[in-house]
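Comments concern the structure below.
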Amino acid sequence: MKYDKQFKLDERYLRMAHIWAENSYCERRKVGALIVKDKMIISDGYNGTPEGFENICEDENQSTKPYVLHAEANAITKVAKSNNSSEGATLYVTTSPCMECSKLIIQSGIKRVVFDEKYRITDGLDILKRAGIEIINLEMKL
């Protein structure tokens, strides 16, 4: 019974992360992330450029600019600037985390990662498993 309730919450928060991804100005891929603790959203993020930069993620060759931040990194740095703690929280993200974001996830104390689409490079998932973080791939039918 508890599993069913958690599964439904996971689906709902992941759908919300998909909606949040719509805020991204990136053309190639729009990614959204939410950090949830005790059934409260404590942070959110989407992929995009740093504060004060132009909202253009790709260069003239349609390659992602090197300074574009991933949704997970934006959510984690946002919670770091707040009075909240991500210790023990769940990260909901529309695409599986890369290696760099996975290192931030580990260091931030997040204990669960729920994602939809598995990215072609999976080394980020490998390091999360090694760190003992629960990983759930909920493939959404949006």
Side-chain angles (χ1 to χ4, degrees), residues 2-3 5-142:
K2 185 178 178 187
Y3 172 78
K5 188 174 182 181
Q6 184 61 57
F7 180 78
K8 287 179 181 176
L9 283 172
D10 287 346
E11 282 187 321
R12 289 177 183 137
Y13 284 124
L14 195 52
R15 276 199 315 268
M16 291 171 74
H18 273 284
I19 291 167
W20 204 244
E22 295 172 15
N23 289 315
S24 174
Y25 288 92
C26 297
E27 295 175 20
R28 290 180 57 212
R29 179 184 300 268
K30 294 179 182 295
V31 180
L34 297 176
I35 299 176
V36 177
K37 185 174 179 178
D38 301 325
K39 296 183 185 172
M40 291 187 334
I41 297 169
I42 61 169
S43 191
D44 54 56
Y46 50 88
N47 57 326
T49 57
E51 273 185 51
F53 283 58
E54 74 289 344
N55 286 322
I56 301 169
C57 298
E58 293 84 12
D59 62 20
E60 60 279 348
N61 299 318
Q62 290 308 303
S63 295
T64 301
K65 293 179 180 177
Y67 51 82
V68 168
L69 288 158
H70 290 184
E72 307 93 301
N74 268 326
I76 290 168
T77 56
K78 192 173 181 179
V79 79
K81 290 187 343 185
S82 74
N83 292 325
N84 288 314
S85 166
S86 53
E87 189 72 38
T90 298
L91 171 73
Y92 295 90
V93 62
T94 56
T95 303
S96 61
C98 70
M99 176 62 83
E100 293 304 311
C101 288
S102 291
K103 291 188 283 187
L104 292 174
I105 291 164
I106 293 165
Q107 291 300 99
S108 70
I110 290 169
K111 294 299 177 202
R112 294 177 76 235
V113 174
V114 180
F115 68 94
D116 181 0
E117 179 189 351
K118 188 181 277 189
Y119 190 62
R120 61 183 169 81
I121 302 168
T122 59
D123 58 354
L125 293 176
D126 296 338
I127 196 171
L128 291 175
K129 286 178 196 167
R130 181 175 172 190
I133 293 174
E134 183 181 359
I135 300 166
I136 300 165
N137 183 194
L138 279 185
E139 295 181 9
M140 305 289 289
K141 307 290 186 259
L142 299 174

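Computed from a predicted structure; not experimentally measured.
Taking all atoms of both residues into account, the shortest heavy-atom contact from Gly45 to Ala75 is N-CB, 3.9 Å. The nearest pair of heavy atoms linking Ile42 to Asn84 is O-ND2, 3.7 Å. Ile135 and Leu125 get closest at one heavy-atom pair: CD1-O, 3.5 Å. In plain terms, the two heavy atoms of Phe115 and Thr95 that are nearest each other are CB-C, 4.2 Å.
Residues satisfying the disulfide (SG to SG under 2.5 Å) criterion with Cys57, sequence neighbours excluded, are Cys26. Remark: Arg29 engages Glu117 in a salt bridge (charged side-chain N to carboxylate O under 4.0 Å, His left out) (not counting sequence neighbours).
Between the CG atom of Leu14 and the CD1 atom of Ile19 there is a distance of 10.5 Å, given to the nearest 0.5 Å. Summarising the geometry, atom CG belonging to Leu138 is positioned 5.0 Å from atom CZ belonging to Phe7; distances are rounded to the nearest 0.5 Å. The structure places CD of Glu51 at 9.0 Å from OG1 of Thr77, a figure rounded to the nearest 0.5 Å.
Formation of a donor-acceptor pair under 3.5 Å by the Ser86 side chain with backbone atoms of Ser108 is found in this model. A distance-only check finds a donor-acceptor pair linking the side chain of Glu58 to the backbone of Arg28 [under 3.5 Å]. Lys78 places no side-chain N or O within donor-acceptor distance of the main-chain N or O of Ser43, the cut-off being under 3.5 Å. Between the Ser63 side chain and the Asp59 main chain, no donor and acceptor come within less than 3.5 Å of each other. Formation of a donor-acceptor pair under 3.5 Å by the Ser24 side chain with backbone atoms of Asn47 is found in this model. In terms of modelled atom types and a separation under 3.5 Å, the side chain of Thr94 and the main chain of Gly32 share a donor-acceptor contact. For Glu72 (side chain) and Val93 (main-chain N/O), no donor-acceptor pair under 3.5 Å exists by modelled atom type.
A salt bridge does not link Lys8 to Glu11: none of the charged nitrogens lies less than 4.0 Å from a carboxylate oxygen.
The closest side-chain heavy-atom distance from Ile56 to Lys65 is below 4.5 Å. Contact of the Lys39 side chain with the Tyr13 side chain is registered, since non-hydrogen atoms from C-beta on lie closer than 4.5 Å. Counting heavy atoms from C-beta on, the side chains of His70 and Glu100 never come closer than 4.5 Å. Side-chain contact between Arg112 and Tyr92 is present, with heavy atoms from C-beta onward closer than 4.5 Å. At a threshold of 4.5 Å between non-hydrogen side-chain atoms, the residues Pro50 and Leu69 count as touching.
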Inset, instruction - Test Glu134 against Val113 for side-chain contact (heavy atoms from CB on, under 4.5 Å), laying out the working first. - result: CA-CA 6 Å; Glu134 183 181 359; Val113 174; over 6 Å; no
Legend entry - Worked check of side-chain contact (heavy atoms from CB on, under 4.5 Å) between Lys111 and Glu87: CA-CA 7 Å; Lys111 294 299 177 202; Glu87 189 72 38; 4.2 Å; yes
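Heavy atoms of other residues, nucleotides or ligands lying less than 6.0 angstrom from CD of Gln107 number 12 at most. Atom CG of Asp38 is surrounded by 12 or fewer heavy atoms from other residues, nucleotides or ligands within 6.0 Å. At most 12 non-hydrogen atoms from other residues, nucleotides or ligands lie less than 6.0 angstrom from NZ of Lys118. Glu54 CD: more than 12 foreign heavy atoms inside a 6.0 Å radius. Sparse packing is recorded around CG of Asn83, with 12 or fewer heavy atoms of other residues, nucleotides or ligands lying under 6.0 Å away.
With no hydrogens or angles considered, no side-chain donor-acceptor pair links Tyr46 and Asn74 at under 3.5 Å.
Looking at Leu128, Ile105, Leu104 one by one, the single match for side-chain contact (heavy atoms from CB on, under 4.5 Å) with Ile110 turns out to be Ile105.
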